[in-house]
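Below is one structure; the comments refer to it alone.
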2 protein chains.
Amino acid sequence: MLYYRIMNETQAVSALSALAHAQRLRVFRALVVAGPEGLTPSILADQLDVARNTLSFHLKELAHAGLVTIEQQGRNLIYRAEYSRMNGLIGYLTEHCCQGGVCEVSPSSAICTTC
Amino acid sequence: MLYYRIMNETQAVSALSALAHAQRLRVFRALVVAGPEGLTPSILADQLDVARNTLSFHLKELAHAGLVTIEQQGRNLIYRAEYSRMNGLIGYLTEHCCQGGVCEVSPSSAICTTC
DNA sequence: ACAATGATTCAATAAATGTTGTATTATCGA
DNA sequence: TCGATAATACAACATTTATTGAATCATTGT
């Protein structure tokens, strides 16, 4: 029972690069906490005290890496964390752990499978 | 029963930056697969076809981020993946998921707890 | 139609990161 | 002690990434 798809190296580097920045990491974690409801750029900008054009740039990076999704609602955009992508990244990092020995990664390593 | 310690933002960004590079990611994954025995820089350099000074630079980055440990054995160094750090990073990324609702992260999200 | 709001785009500058060749340090074995 | 091997450190250059302010695009409400 797999809840995600293991990604390739390019996708993993892209996701890791996207998260390897303090502001983007804060944005992503805020979206993880927000859950399925998601957040708008305005709310995020206020909450995290980031300039809106800067935030827009960083959200684009996260979206390009597949870590967040965008839905338009009127003149607002709703950003949401893409849990399956996050789980795919975790799977990529831990794949074939310890040569398939005692530490074998089980599908239960995935998080947020119900989102 | 916690197998890792949730890290702070600086540590998380450091770990993510270290992994956000194709060669370093390959190195880390090779060490994850190698398990507790670890690998020497020579073996890694041969296996991954990287110049030794370049590999040394990248290993230093991984070590600085706490993702690998170093043990000296004669003139060889043994590098090992630091599983607890990896688990700490995963914990940091998924903390308070979905406002503690249906997707609450359980300690079982940690991987390689027996390493 | 028009002003206001939400959000993104662009271009220029500033800052951080990666690569390469060379040099250095330390250990091993004859 | 000397040559060979394992590994790291340094410096110069090239590349990538981040920030900022101003401009643009789209939607809503009057």
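First the proteins, then the strands, lettered A, B, ... as listed; each starts at 1.
Rounded to an integer number of Å, the gap from CG of B/Leu55 to C1' of C/dT20 is 15 Å. Spacing between atom CG of A/Leu59 and atom P of C/dG6 amounts to 16 Å, rounded to whole angstrom units. Across the protein-nucleic acid pair, B/Lys60 atom NZ and D/dA9 atom C1' stand 7 Å apart, rounded to whole Å. The distance from atom CD1 of B/Ile43 to atom P of D/dA6 is 11 Å, rounded to the nearest whole Å. Between the CD atom of B/Glu61 and the P atom of C/dT19 there is a distance of 11 Å, given to the nearest Å. Regarding A/Asn76, its CG atom lies at a distance of 6 Å from the C1' atom of C/dG6, rounded to whole Å.
The nearest pair of heavy atoms linking B/Tyr92 to B/Asn8 is CE1-C, 3.9 Å.
When side chains are defined from C-beta on, B/Thr94 does not count as touching A/Tyr83, because their heavy atoms never get closer than 4.5 Å. Contact of the B/Leu67 side chain with the B/Arg85 side chain is registered, since non-hydrogen atoms from C-beta on lie closer than 4.5 Å. With a 4.5 Å cut-off on side-chain heavy atoms, B/Val27 and B/Tyr79 do not count as touching.
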Between the protein and nucleotides 25-30 of chain C, list the N/O to N/O atom pairs that are separated by less than 3.5 angstrom.
| residue | atom | partner | partner atom | Å |
| --- | --- | --- | --- | --- |
| C/dT27 | O3' | B/Arg75 | N | 3.4 |

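Residue B/Thr54 is the one, among A/Thr54 and B/Thr54, whose nearest nucleotide of DNA chain D lies closer to the 5' end (criterion: closest heavy atom).
The shortest distance between the side-chain N/O atoms of A/Tyr79 and the OP1/OP2 oxygens of C/dG6 is not below 4.0 Å. Not one side-chain nitrogen or oxygen of A/His58 sits closer than 4.0 Å to the OP1 or OP2 atom of D/dT17.
The residue A/Thr40 sits close only to the backbone: its heavy atoms come under 4.0 Å of sugar-phosphate atoms, none of a base. Across all strands, A/Asn53 comes closer than 4.0 Å to base atoms (heavy-atom distances).
Annotation: the span from B/Thr54 atom OG1 to B/Arg24 atom CZ amounts to 11.5 Å, rounded to 0.5 Å. Rounding to the nearest 0.5 angstrom, the gap separating the CD1 atom in B/Ile70 from the CG atom in B/Leu77 is 6.5 Å.
Of the residues in residues 19-30 of chain B, those placing a heavy atom less than 4.0 Å from an atom of DNA chain C are B/His21, B/Arg24, in numerical order.
For B/Thr69 and B/Glu71, the side-chain atoms include no donor-acceptor pair closer than 3.5 Å.
With salt bridges taken as basic N to acidic carboxylate O contacts below 4.0 Å, none links A/Asp49 and A/Arg26.
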